[in-house]
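Computed over heavy atoms, backbone and side chain alike; hydrogens, waters and symmetry mates excluded.
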Amino acid sequence: MIKKAAIIGLGGMGGWHYEMITAQINEIEIKGAYDIREEVVENIKSKGLYAYSDADEIFSDTEIDIVIIATPNDSHKDYIIRSLKAGKATICEKPVTLGSEELIECIKVSKDTGCLFSVHQNRRWDRDFNIVKSVISSDVVGYPYFIESKVQGSRGSMHGWRGHKLNGGGMLYDWGVHLIDQLLYLIDSPVISVDAHLVKIFSDEVDDNDKIFIRFENGLDAIVEFSTNCFINHPRWHVSCSNGTFTVDDWDCGGKIAKLSGDGAMTWDNDIVYTSAGPTRTMAKRPPETTVQLPLPKVTVDWGDYYQNIVAVLDGNAELIVKPEECLRVMQVIDAAFLSDEKRSGVSCNI
Ligand code: NAD
């Protein structure tokens with residue numbers, strides 16, 4: 001049976017949810033939307049949607065099965081709790097809340113009401129991320145021991161409400177939440193320490209250029225970086241493995257795998273080589289025939305698969321992919337990152 005949904009906040013991302021569901025998800029129909037801005041109300045009507053006069057009208061609409069929340073970050077918690085209490089399956093944009101305490105409250109209400117609750121961590125379906133997952137699970141370059149995951153831009157200050165602390169602005173909530181979610185989804189091990197450098201280049205209020213060093217109990221470590229003041233980018237992913245290295249350059253997914261060929265054994269002609277920076281043994285160039293370059297695997301992914309999973313869960317045919325408990329770990333890492341930055345040192349944890 002077709003499920004009816006309403007969207008709260010029909011701005012940039014709310015508009016994307018509307019377009020995507022209407023184009024791709026036959027099992028969900030968007031009935032209407034609510035937004036506080038008058039010009040958006042006109043936009044809602046022009047799409048032929050019902051313009052709700054407030055959120056309560058959505059919550060009391062018995063036709064509505066699913067509520068999608070796509071408002072600025074500070075308003076998420078209140079809407080989630082009201083929506084769940086009204087008995088609606090509730091999907092919220094990321095970051096789901098502004099910290100783990102708020103999310104624990106939301107999870108409790110979802111458990112009490114038995115309503116589906118999920119977070120739109122759509123970047124679990126990014127192609128670059130799924131290439132990384134595929135290379136690691138294929139074991140083609142051995143086991144990974146260091147992952148660098150970076151999104152770097154040079155746009156400058158955070159725009160609109162993202163520039164304000166009150167609204168839950170800043171890069172950690174905006175992009176950090178995606179990169180941390182991907183990492184925790186990829187690595188099946190507790191986080192044991194977080195060391196964050198959250199820099200405010202353009203504002204006194206919110207972080208805009210961040211690097212976070214994350215250690216996992218299984219010995220794998222990672223750095224995530226999200227910046228708005230970077231003019232020479234690193235690859236989107238650089239992964240060091242026991243038997244080689246691989247990179248994914250950017251969202252177009254160029255990149256390569258470089259690994260030892262054969263058994264990897266090699267003999268050095270000269271112990272010491274002379275480079276333009278002087279003599280060295282350790283940094284002597286490896287003979288080209290001792291390595292091999294492989295193309296990255298091809299993967300096919302679609303952000304719409306997030307909603308295919310929601311439909312299947314509501315129909316009782318699948319397990320939820322983006323679980324609130326997983327998002328809670330992400331929020332706990334974010335809490336630890338804010339604490340680490342405040343103390344200007346790493347913090348130990350067990351997340
Ligand atoms: P936006 O400013 O473009 O849109 C927000 C909309 O919410 C606006 O139309 C605004 O009028 C409306 N609004 C504000 N406060 C409201 C309230 N209290 N009640 C009802 N409507 C309200 O912002 P955006 O870029 O669409 O971001 C919205 C959410 O989506 C944020 O949580 C953001 O982090 C998330 N987002 C997620 C992704 C993703 O890839 N998952 C991408 C972009 C944004």
Measure from the side-chain N and O atoms of Ser110 to the backbone N and O of Cys115, and report whether any donor-acceptor pair falls under 3.5 Å.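 No: the side chain of Ser110 does not pair with the backbone of Cys115.
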I'd like to know if the side chain of Thr247 and the backbone of His238 have a donor-acceptor N/O pair within less than 3.5 Å.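 Judged by distance alone, no pair lies under 3.5 Å.
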Ignoring hydrogens and geometry, is there a side-chain-to-backbone donor-acceptor pair from Ser261 to Glu289 under 3.5 Å?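 Yes, the answer is positive, given that a donor and an acceptor are paired below the 3.5 Å cut-off.
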Do Tyr50 and Glu57 have side-chain atoms, one donor and one acceptor, less than 3.5 Å apart?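 The criterion, which ignores hydrogens and geometry beyond distance, is satisfied for Glu57 and Tyr50.
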Can you tell if the side chain of Glu326 reaches within under 4.5 Å of the side chain of Leu184, non-hydrogen atoms only?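 Heavy-atom side-chain distance check fails, nothing below 4.5 Å.
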Could you walk me through whether Arg281 and Val273 pass the side-chain contact (heavy atoms from CB on, under 4.5 Å) check? CA-CA 6 Å; Arg281 279 192 176 93; Val273 296; over 6 Å; no
Can a donor-acceptor pair be found, under 3.5 Å and without considering hydrogens, that links the side chain of Thr90 to the backbone of Lys88?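 It does hold such a pair.
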Using distance alone, with no hydrogens and no angle criterion, decide if Asp335 and Ser100 have a side-chain donor and acceptor under 3.5 Å apart.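 The answer is yes; a qualifying pair exists.
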So, taking the atom named CE in Met171 and the one named OG in Ser227, what distance separates them when rounded to the nearest 0.5 Å?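 One finds 6.5 Å between CE of Met171 and OG of Ser227.
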Option among Ile187, Asp221, Ile214 that satisfies the side chain to side chain contact (heavy atoms under 4.5 Å, CB included) test with Ile147: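 One option only clears the test, and that one is Ile187.
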For residues Leu49 and Val67: do they belong to one hydrophobic cluster (side chain heavy atoms under 4.5 Å, members Ile, Leu, Val, Met, Phe, Trp, Tyr)?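 They do share one cluster, since a chain of ILVMFWY contacts under 4.5 Å joins Leu49 to Val67.
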Axial cation check for Trp251 ring with Arg123, 6.0 Å and 45° limits: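 The answer is yes, since Arg123 meets both limits relative to Trp251.
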Compare all side-chain heavy atoms of Lys47 with those of Leu10 and state whether any distance is below 4.5 angstrom.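 Lys47 vs Leu10: side chains touch.
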Which distance, rounded to the nearest 0.5 Å, do you find between the CG of Leu198 and the CG of Asp208?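 One gets 10.0 Å once the value is rounded to the nearest 0.5 Å.
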Can you see whether Tyr52 engages Asp61 through a side-chain donor-acceptor pair at a distance of less than 3.5 angstrom?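 Side chains of Tyr52 and Asp61: pair found under 3.5 Å.
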Quick check: do Ile212 and Ile223 have side-chain heavy atoms less than 4.5 Å from each other?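 The answer is no, as the side chains (C-beta and beyond) never meet within the 4.5 Å cut-off.
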Please determine if Asp78 and Arg82 form a salt bridge, counting it only when a charged side-chain N lies under 4.0 Å from a carboxylate O.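 Looking at Arg82 together with Asp78, the answer is yes, because their closest N to O distance falls below 4.0 Å.
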Within this structure, what is the CG-CD distance for the pair Asn43 and Glu38, rounded to the nearest 0.5 Å?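 If we round to the nearest 0.5 Å, Asn43:CG and Glu38:CD are 12.0 Å apart.
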Using the rule given for side-chain contact (heavy atoms from CB on, under 4.5 Å), can you reason through Met20 versus Tyr307, listing the C-alpha separation, both sets of side-chain angles and the distance that settles it, and then say yes or no? CA-CA 9 Å; Met20 202 280 299; Tyr307 275 108; 3.2 Å; yes
We want to know whether Asn209 and Thr228 form a side-chain donor-acceptor pair, criterion being a heavy-atom distance below 3.5 angstrom.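 The answer is yes; a qualifying pair exists.
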Can you tell me if Tyr306 uses its side chain to pair, donor with acceptor, with the backbone of Val119 under 3.5 Å?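 Checking the backbone N and O of Val119 against the side chain of Tyr306, a donor-acceptor pair under 3.5 Å is found.
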Taking all heavy atoms of Gly14 and all of Ile7, pick out the closest pair and write down the distance.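 Looks like O-CD1, 3.7 Å.
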Short question: side chain of Asn229, backbone of Gly156 - any donor-acceptor pair under 3.5 Å?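 No.
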Leu320 and Tyr185: same hydrophobic cluster, using ILVMFWY side-chain contacts below 4.5 Å?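 Hydrophobic grouping puts Leu320 with Tyr185.
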Should Pro297 and Ile131 count as side-chain neighbours, where that means a heavy-atom distance under 4.5 Å?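 When only atoms from C-beta onward are counted, Ile131 and Pro297 do touch, with a gap below 4.5 Å.
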So Phe213 and Phe146, would you call those rings parallel, tilted or perpendicular, with 30° and 60° as cut-offs?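 Rings of Phe213 and Phe146: tilted, as their planes differ by 30° to 60°.
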Under-4.0 Å salt bridge between Asp174 and Lys94: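 A salt bridge is present here (some side-chain N lies under 4.0 Å from a carboxylate O).
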Which atom names give the shortest non-hydrogen contact between Cys106 and Thr97, and what distance separates them?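 What the structure gives for the nearest pair is SG-CG2, 4.1 Å.
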What distance do Ile91 atom CD1 and Ile8 atom CD1 have between them, rounded to the nearest 0.5 Å?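 Spacing of CD1 (Ile91) from CD1 (Ile8) equals 12.0 Å.
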After noting the C-alpha distance and the side-chain angles of Tyr143 and Cys241, does the key distance pass the side-chain contact (heavy atoms from CB on, under 4.5 Å) rule? CA-CA 5 Å; Tyr143 63 86; Cys241 299; over 6 Å; no
Distance, nearest 0.5 Å, that separates CD1 of Ile80 from CG of Leu103: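 Rounded to the nearest 0.5 Å, the CD1-CG separation comes out at 7.0 Å.
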Where Lys259 and Val141 come nearest, the two heavy atoms and their spacing: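 Distance-wise, the nearest heavy atoms are CB-CG1, 3.7 Å.
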State plainly whether the residues Lys77 and Glu105 are in salt-bridge range, i.e. N to O under 4.0 Å.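 Glu105 and Lys77: salt-bridged.
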Approximate separation, where rounding is to 0.5 Å, of Lys200 NZ and Asp210 CG: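 Reported to 0.5 Å precision, the distance equals 10.0 Å.
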Does a side-chain N-to-carboxylate-O contact under 4.0 Å join Glu225 and Lys211?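 Looking at Lys211 together with Glu225, the answer is yes, because their closest N to O distance falls below 4.0 Å.
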Considering non-hydrogen atoms only, spot the tightest contact between Cys253 and Val248 and give its length.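 Cys253 and Val248 have their closest heavy atoms at CA-CG1, 3.9 Å.
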Is the shortest side-chain N to carboxylate O distance from Lys150 to Glu148 below 4.0 Å?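 Glu148 and Lys150: salt-bridged.
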Mind listing the closest non-hydrogen atom pair of Ala70 and Met13 along with its distance?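 Between these two residues, the closest heavy atoms are CB-C, 4.4 Å.
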Check whether more than 12 heavy atoms from other residues, nucleotides or ligands sit under 6.0 Å from atom CG of Asp188, and answer yes or no.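 Count not over threshold, so no.
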Atom of Cys327, atom of Val322 and distance for their closest heavy-atom approach: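 Heavy-atom minimum between the residues: SG-CG1, 3.7 Å.
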Is the distance between the ring centroids of Phe226 and His178 under 6.0 Å?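 Ring-ring flag for His178/Phe226: false, centres at least 6.0 Å apart.
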Is it the case that Asp128 and Trp237 place a side-chain donor and acceptor less than 3.5 Å from each other?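 Trp237 and Asp128 do have a side-chain donor-acceptor pair below 3.5 Å.
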Asn130 side chain vs Arg124 backbone, donor-acceptor pair below 3.5 Å: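 Yes; judged by distance alone, with no hydrogens or angles, the pair exists.
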So Val199 and Asp207, do their side chains get closer than 4.5 Å, heavy atoms only?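 No; the side chains remain at least 4.5 Å from each other.
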Closer than 3.5 angstrom, by distance alone: can the side chain of Arg329 be matched with the main-chain N or O of Ile351 as a donor-acceptor pair?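 Looks like yes, one N/O pair under 3.5 Å.
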Between Asp65 and Lys4, does at least one N-O distance fall below 4.0 Å, as a salt bridge requires?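 Salt bridge: no.
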Measure the acute angle between the ring planes of Trp16 and His120, then classify it against the limits of 30° and 60° as parallel, tilted or perpendicular.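 Correct class here is tilted.
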Is a side-chain N or O of Asn350 found less than 3.5 angstrom from the main chain of Ile192, in a donor-acceptor match?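 A pair under 3.5 Å: no.
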Within a radius of less than 6.0 Å around NZ of Lys165, do more than 12 heavy atoms belonging to other residues, nucleotides or ligands occur?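 Result for NZ/Lys165: open.
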I'd like to know if Tyr34 and Trp161 are part of one continuous hydrophobic network [Ile/Leu/Val/Met/Phe/Trp/Tyr, side-chain heavy atoms within less than 4.5 Å].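 Hydrophobic grouping puts Trp161 apart from Tyr34.
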Are His17 and Glu93 side-chain neighbours, meaning at least one heavy-atom pair lies under 4.5 Å?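 Yes; the side chains approach each other to less than 4.5 Å.
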Could you tell me whether the side chains of His76 and Glu102 share a donor-acceptor contact shorter than 3.5 Å?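 Looking only at side-chain atoms, Glu102 and His76 do not form any donor-acceptor pair under 3.5 Å.
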Does the distance from a Lys or Arg side-chain N to an Asp or Glu carboxylate O, for Glu42 and Arg37, drop under 4.0 Å?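 Salt bridge absent between Glu42 and Arg37.
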Assess whether a salt bridge exists between Lys3 and Glu27, defined as any Lys/Arg side-chain N lying under 4.0 Å from an Asp/Glu carboxylate O.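 Salt bridge absent between Lys3 and Glu27.
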Would you say the side chain of Arg162 lies within less than 4.5 Å of the side chain of Val206, judging by non-hydrogen atoms?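 Heavy-atom side-chain distance check fails, nothing below 4.5 Å.
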For a 4.5 angstrom cut-off between non-hydrogen side-chain atoms, does Gln332 reach Leu328?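 Contact flag for Gln332/Leu328 side chains = yes.
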Is the side chain of Asn73 donor-acceptor paired with the backbone N or O of Gly168 at a distance under 3.5 Å, no angle test?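 Here the side-chain-to-backbone pair exists.
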Please check if any side-chain donor atom of Ser149 sits under 3.5 Å from a side-chain acceptor atom of Arg236, or the reverse.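 The answer is yes; a qualifying pair exists.
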According to a 4.5 Å side-chain heavy-atom criterion applied to Ile, Leu, Val, Met, Phe, Trp and Tyr, with indirect links allowed, do Val140 and Leu260 form part of one hydrophobic cluster?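 Val140 does not cluster with Leu260.
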Step by step, work out the side-chain contact (heavy atoms from CB on, under 4.5 Å) result for Leu183 and Phe129. CA-CA 9 Å; Leu183 213 53; Phe129 172 62; over 6 Å; no
